[in-house]
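Index from 1, following the sequence. Hydrogens, waters and symmetry mates are skipped; everything else that's a heavy atom, side chains included, is used.
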Amino acid sequence: MPDTWTLLIIDDCAEDRKIYRRYLLKDPQNSYQIFEADSAEEGLALCQSIHCDVILLDFCLPDMSGLDLLERLKKRKVEAPVSIIMLTGRGDEAVAVQAMKRGAYDYLVKQHLQLDVLQLAVRNAIKQSCLEVKLSKTQERQRLIATTALRIRQSLNLEEILHTAVVEVQQLLKCDRVMVYQFTSDMDGKIVASSGEPEQICDRLWDTCYQEESSFVTTQVAHSSVTTKQKNLVVAYSNLGENHHWRCRISHNHEASLSHLCFHIKEQLNAQANLVVPINLNQNNNPNPKLWGFLIAQPTSEDRLWPDDEVEILNQVSVQLAIAIQQAELLAMTQAALVKEKELNKFKSQIVTTVSHEYRTPLASILAAASTIKQNGAQLNESRKNRFLQIIEQKARHLSKLVDDMLLVHQLELDKTKFKPQQLDLLQFISELIEDQQEVLGDRHELILQVTGNHQNFWGDRGLLRQILLNLLSNAIKYSPAGGNIEIYLNGKESEILIEIQDKGIGIPVADQENLFKSFSRGSNVDTIPGTGLGLVITKACVELHGGSISLSSQEGQGTKVTIRLPRQHSNS
């Protein structure tokens, strides 16, 4: 409330005006700045140039009746209501009723006017005016918040929601810029929506966490910090750092205190007084909401003070924004689940098709070999019998691998495969695997390992690595039907391990290469070479579980090179 109230006396009697002034200046509770007018026109002119909190209006004026003047005063467009007290020399109840109907706050009879009566009437008029102002602001605030909330929640697209929020809040608070800052899972984050250029505000927020046992809030800017007890919903901060001038007002309505909030501010910033409120998501009735991010308003001038009603507006908008964000995220999760379900159904359909196709040929070979041994076993020499047994074994292994591959791909599709890293001697691991493969290859293929760099201190999942290497070696051998060398390069670099497998086989047509990492996709030139199109899918998934990457280069008829990059130590290990 102001220290001094502005009061206008409109009365053509100078003696009466003098009495009113004397009475009011003796008021022990309020101070007044008093203006006087002896006619209606002069009073109207003063009302145009100054805002009056209270007007003492004489019923009888030389140029206009008090009731007519009252009507004209009430029709004026003013930002704040004015309380008008009608004064008359007659105690006429009919006049009093007319005055009250036309908007007068009170009616006083001059003959009965005493010091305490006038003081009390003016005080009550001021209180009434303040209540009307507060009510009007509350109603307007609720209307604006409701309108803003409606516009924010008209969309279920998160990007549109955030954009609408910053635009609406900027117009609502008439500020220079509004931003939405979102935290990532590691409590780093970024500005995801801005009504202006976010780079001019701050580089980033970081190191923010909840500590329920703490009753303090700490804000750090540059090299200095301010700590204060969080007793109210709104905590004001000031900071003057080296080459940085910044003030932040934080509204925080969460049960747990925001224990550590850090801003990195660009050096070229001048002083700012930013208003910041948290965006908290309530999840599954959890008593401790998730801190999703912040809604930040930047003022148009560096010395702007944020009144409580504007702070409350931003708080309520952040609540509506949180609801809209939750709805958008729920929709996105539902849509993702539907897409996943559709992909799984498609995958199951492909499995049925693949099984019916891929199983028929090896099963036919197994049945033919078994039938020949059963019917003609006595006539078969040992060499022929072993050949049929070898066919049965090879086809059975092929069927077993097919089942294993489909089960593994199914687990990968459902995100059920776990990454279990351990420290490995990578050279020994690869050497032993190559040695095992070489024993069953025969003379047509030779596996050659070349090692460079430092391959020590590597962490990986033994089972997943085995899948990676066996799939790539199997492909290199299978798609080199004419034989030849398969070269394996192991190159240890500072932060990663590079594995390359190069063959001189049939290669892959360029048109087929972009789809090779999709389930059941194969090169169009494989002819009768058996395969399911799952090997590279499994390999890619296993590489990505290591936090690595896979790439492929190939020319039809000239061979294929697959390159694997694996970090030495996975971030989750």
Separation between OG1 of Thr539 and CZ of Phe517, rounded to the nearest 0.5 Å: 8.0 Å
If only atom types and distance count, is the side chain of Arg568 paired as donor or acceptor with the main-chain N or O of Glu494 below 3.5 Å? yes
Please test Ile497 against Leu426 for side-chain contact (heavy atoms from CB on, under 4.5 Å), starting from the C-alpha separation and ending with a verdict. CA-CA 9 Å; Ile497 298 293; Leu426 200 54; 3.4 Å; yes
Give the minimum heavy-atom separation between Ala193 and Leu162, together with the two atoms involved. CB-CB, 3.6 Å
In terms of heavy-atom contacts, Ala324 and Ile161 come closest through O-CD1, 3.6 Å
May I ask you to decide if the ring planes of Phe183 and Phe294 are parallel, tilted or perpendicular, using 30° and 60° as cut-offs? perpendicular
Nearest heavy-atom pair of Pro289 and Asn282: which atoms, and what distance? CG-OD1, 3.2 Å
Quick check: does any side chain N or O of Thr563 sit under 3.5 Å from a backbone N or O of Glu500, one acting as donor and the other as acceptor? no
Between Gln182 and Trp292, is there a side-chain heavy-atom distance shorter than 4.5 Å? yes
Can you give me the closest heavy-atom contact between Phe458 and Pro567, atom names plus distance? CE1-O, 3.4 Å
Determine which pairs satisfy side chain to side chain donor-acceptor pair (under 3.5 Å) with at least one residue from residues 503-514, sequence neighbours left out, and list them in order. Asp512-Ser524
Ser194 and Val166, any side-chain heavy atoms less than 4.5 Å apart: no
Closest non-hydrogen atom pair, Asn274 against Pro299: OD1-CD, 3.8 Å
side-chain contact (heavy atoms from CB on, under 4.5 Å), that's the test. Do Ile191 and Val180 meet it? Break it down for me. CA-CA 6 Å; Ile191 294 168; Val180 174; over 6 Å; no
Does Asp176 offer a backbone N or O that forms a donor-acceptor pair with the side chain of Gln170 under 3.5 Å? yes
Residues passing the salt bridge (charged side-chain N to carboxylate O under 4.0 Å, His left out) test with Glu487, sequence neighbours excluded, are none
Taking every heavy atom of Ala297 against every heavy atom of Leu173, the minimum-distance pair comes out as CB-CD1, 4.2 Å
Output for pair (Leu380 CG, Thr372 OG1), nearest 0.5 Å, gives 7.5 Å
Can you tell me if Ser318 uses its side chain to pair, donor with acceptor, with the backbone of Asn315 under 3.5 Å? yes
Check for a donor-acceptor pair, side chain of Asp461 on one end and backbone N or O of Leu464 on the other, with a separation under 3.5 Å. yes
Worked check of side-chain contact (heavy atoms from CB on, under 4.5 Å) between Trp459 and His546: CA-CA 9 Å; Trp459 287 71; His546 279 80; over 6 Å; no
Please determine, by modelled atom types, if Gln428 and Glu432 share a side-chain donor-acceptor pair under 3.5 angstrom. yes
Mind checking the OG-CD1 spacing from Ser474 to Ile486? Nearest 0.5 Å is all I need. 10.5 Å
Any pair with a residue in residues 383-392 that passes side chain to side chain donor-acceptor pair (under 3.5 Å), sequence neighbours left out, goes on the list, sorted by first then second residue, please. Arg387-Gln390
Nearest-0.5 Å distance that lies between atom CG in Leu545 and atom CD1 in Ile468: 8.5 Å
Measure the CD-CD distance between Gln423 and Gln456 for me, rounded to the nearest 0.5 Å. 8.5 Å
Is the shortest side-chain heavy-atom distance between Val178 and Ile296 below 4.5 Å? no
Trace of the side-chain hydrogen bond (donor to acceptor under 3.5 Å, both in side chains) decision for Gln375 with Ser371: CA-CA 6 Å; Gln375 294 176 7; Ser371 177; 3.3 Å; yes
How long is the span from the CD1 atom in Ile501 to the CG atom in Leu552, to the nearest 0.5 Å? 11.5 Å
Checking Asn525 side chain against Gly507 main chain: does a donor-acceptor pair fall under 3.5 Å? yes
Please confirm whether the backbone N or O of His445 pairs with a side-chain atom of Gln438, one donor and one acceptor, at under 3.5 Å? yes
